[in-house]
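Note that this is a predicted model, so its numbers are computed, not measured. What you see below is based on every heavy atom in this structure, not just the backbone, and it leaves out hydrogens, waters and symmetry mates.
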Amino acid sequence: MTYFVDKNSIVRDIWGNSDTILLIFAGASAEFALNKAVDWLYFTGKLPKAPLDRLFSTVTYAREIVFAEQTKAYQSIDMINKIHGAVEKKRGKHIPNWAYKDVLYMLIDYSIRSFEILERKLEPFEKQDVLNVFGEVGTRMGIKDLPQDFEAFKTQRHLHLKQDLHHGEFTKDLYKQYKKHIGFVRYNLLLDTQIMICPKKVIGLLGLRKFSAIKPLISVYKLSRLLKFDSVLKALILPSEYKSNIQAMNTV
């Protein structure tokens with residue numbers, strides 16, 4: 001059986017661990033709110049009604065593709081295109097290519113950042129591996145002008161952060177929805193996590209402080225994993241409706 005992602009790929013290590021996925025989720029929740037194309041997510045009305053569900057579905061789709069057999073992965077990607085196509089038809093316009101690239105670049109960048117925060121620094125060939133995997137996803141989706149090497153990716157990523165993010169009314173509303181849906185304590189934990197993982201450009205646009213209060217606790221959390229105490233901490237942190245889904249993401 002041929003899998004979409006090689007069994008020895010670092011991408012499987014990253015996306016087979018609920019801890020790294022939670023960090024990716026936190027980073028994505030910040031950039032989704034700032035992206036100039038966030039109006040597309042508001043168009044269907046699903047995002048403001050259940051912002052965590054919408055973001056979680058994006059991360060879940062990505063993870064399923066990573067671990068799928070090649071044919072099924074292609075089917076999942078084609079389904080994403082079909083869903084987007086239906087929204088485009090209903091709205092009467094196309095989602096811009098740069099918006100698709102933004103989401104793809106977000107997943108690449110936060111995959112790397114999350115693993116390096118919780119585990120170790122990635123080697124250059126491992127970063128290229130992450131780029132290759134999501135580049136194949138993007139190619140299947142029909143996204144144009146994708147970078148082939150990691151240096152080119154860093155240049156494009158920097159440019160997209162500079163051009164495609166904006167703190168507007170949708171940003172303000174989405175953060176209100178985050179707070180409403182997860183409560184004060186978890187909301188502030190989310191902000192601290194975003195400070196820890198997001199690029200400086202994102203932190204600046206959101207008006208967040210520079211220092212994350214939870215960053216010094218990462219070493220403590222790593223110890224809790226060794227002692228098998230991390231499940232207790234997650235039970236306290238995560239909303240109950242997401243606990244089983246997050247736990248099921250542990251495959252490594």
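With rounding to the nearest 0.5 Å, the separation of CG in Asp173 from OH in Tyr42 is 3.5 Å. In this structure, Phe125 CZ and Ile10 CD1 are separated by 8.0 Å, a value rounded to the nearest 0.5 Å. Ile112 CD1 to Thr20 OG1: the interatomic distance, rounded to the nearest 0.5 Å, is 12.5 Å. Interatomic distance, Gln177 CD to Tyr187 OH, rounded to the nearest 0.5 Å: 11.0 Å. Here the straight-line distance linking atom CE of Met1 with atom OG1 of Thr71 works out to 9.0 Å at 0.5 Å rounding. Once rounded to the nearest 0.5 Å, the distance linking CG of Leu118 with CG of Asn17 reads 7.5 Å.
Grouped with Val185 in one hydrophobic cluster are Phe184, the linkage being side-chain heavy-atom contacts under 4.5 Å among Ile, Leu, Val, Met, Phe, Trp and Tyr residues. Cluster note: Phe211 groups with no other residue, as no ILVMFWY side-chain heavy atom lies under 4.5 Å from it.
Minimum heavy-atom separation, Ser76 to Ile65: CB-CG1, 3.9 Å. Between Ala99 and Ala37 the shortest heavy-atom distance is CB-CB, 3.7 Å. Minimum heavy-atom separation, Ile21 to Ile14: CG1-O, 4.3 Å. Contact detail for Ala33 and Thr171: the closest heavy-atom pair is O-OG1, 2.7 Å. The two atoms that bring Cys198 and Ile203 nearest to each other are O-CD1, 3.4 Å, heavy atoms only. Here the shortest heavy-atom pairing between Val202 and Ala30 reads CG1-CB, 3.9 Å.
Annotation for Glu69: atom CD counts as buried by contact number, over 12 foreign heavy atoms lying within 6.0 Å.
In this view, Lys154 and Glu151 satisfy the salt bridge (Lys or Arg N to Asp or Glu O under 4.0 Å) rule, not counting sequence neighbours. By the side chain to side chain donor-acceptor pair (under 3.5 Å) test, Arg140 is found to be paired with Asp78, residues two or more places apart in sequence or in another chain being considered. Annotation: side chain to side chain donor-acceptor pair (under 3.5 Å) contacts of Thr139 (sequence neighbours excluded): none. Taking the side chain to side chain donor-acceptor pair (under 3.5 Å) definition, one finds that Ser111 meets it with Trp15, sequence neighbours left out. Residues forming a salt bridge (Lys or Arg N to Asp or Glu O under 4.0 Å) with Glu123 (at least two apart in sequence, or on another chain): none. For Lys215, the side chain to side chain donor-acceptor pair (under 3.5 Å) criterion is met by no residue, not counting sequence neighbours. Annotation: ring pair (Phe, Tyr, Trp, His ring centres under 6.0 Å) contacts of His158 (sequence neighbours excluded): none.
Hydrophobic clustering keeps Leu159 apart from Tyr110 (ILVMFWY residues linked when any side-chain heavy atoms are closer than 4.5 Å, directly or through intermediates). Phe32 and Ile143 fall within a single hydrophobic cluster, where Ile, Leu, Val, Met, Phe, Trp and Tyr side chains are chained together by heavy-atom contacts under 4.5 Å. Hydrophobic cluster membership is shared by Ile95 and Val103, with clusters built from Ile, Leu, Val, Met, Phe, Trp and Tyr side chains linked at under 4.5 angstrom. Note on Val87 and Ile80: same hydrophobic cluster, where clusters join Ile, Leu, Val, Met, Phe, Trp and Tyr whose side-chain heavy atoms are under 4.5 Å apart, directly or indirectly. Residues Met106 and Trp98 do not share a hydrophobic cluster, defined by chaining ILVMFWY side chains whose heavy atoms lie under 4.5 Å apart.
Looking at Tyr105 and Gln156, their side chains do bring a donor and an acceptor atom within 3.5 Å of each other. A donor atom on one side chain and an acceptor atom on the other are found under 3.5 Å apart for Ser29 and Gln194.
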Tabulate below the donor-acceptor pairs under 3.5 Å that side-chain atoms of residues 131-138 make, not counting sequence neighbours, or state none.
| residue | atom | partner | partner atom | Å |
| --- | --- | --- | --- | --- |
| Asn132 | OD1 | Gln128 | NE2 | 2.9 |
| Asn132 | ND2 | Gln128 | O | 3.3 |
| Glu136 | OE2 | Tyr74 | OH | 2.9 |

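With a 4.5 Å cut-off on side-chain heavy atoms, Phe170 and Leu34 do not count as touching. Counting heavy atoms from C-beta outward, Phe4 and Lys72 have side chains that stay 4.5 Å or more apart.
Of the possible donor and acceptor atoms, one in the side chain of Asn97 sits under 3.5 Å from a partner among the backbone N and O of Lys144. Looking at Asp129, its side chain never comes within 3.5 Å of a backbone N or O of Ser9 through a donor-acceptor pair. Without hydrogens or angle criteria, Gln163 side chain to Leu161 main chain gives no donor-acceptor distance under 3.5 Å.
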Test Thr193 against Phe25 for side-chain contact (heavy atoms from CB on, under 4.5 Å), laying out the working first. CA-CA 10 Å; Thr193 306; Phe25 180 87; over 6 Å; no
Starting from the C-alpha separation in whole Å, work towards a yes-or-no answer on side-chain contact (heavy atoms from CB on, under 4.5 Å) for Leu23 and Met196. CA-CA 9 Å; Leu23 288 189; Met196 181 173 60; 3.9 Å; yes
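Listed by first then second residue, pairs satisfying salt bridge (Lys or Arg N to Asp or Glu O under 4.0 Å) with a partner in residues 195-205 number zero, not counting sequence neighbours. Pairs passing the salt bridge (Lys or Arg N to Asp or Glu O under 4.0 Å) check and including a residue from residues 86-109, sequence neighbours excluded, read Asp39-Arg91, Asp109-Arg113, Asp109-Arg157.
Salt-bridge annotation for Arg120 and Glu126: present, with a side-chain N of the basic residue lying under 4.0 Å from a carboxylate O of the acidic one.
Geometrically, Arg186 does not engage Tyr178 in a cation-pi contact defined by less than 6.0 Å to the ring centre and at most 45° from the axis. A cation-pi arrangement is present between Arg63 and Phe67, with the terminal nitrogen or guanidinium carbon under 6.0 Å from the aromatic centre and inside a 45° cone about the axis.
Ring geometry for Phe153 against Phe150 counts as tilted: the plane angle lies between 30° and 60°, on a 0 to 90° scale.
In summary, of the residues considered (Leu208, Ile214, Leu206), a side chain to side chain contact (heavy atoms under 4.5 Å, CB included) with Ile195 occurs for Leu208 alone.
Side-chain rings of His84 and Tyr100 approach one another, their centers coming within less than 6.0 Å.
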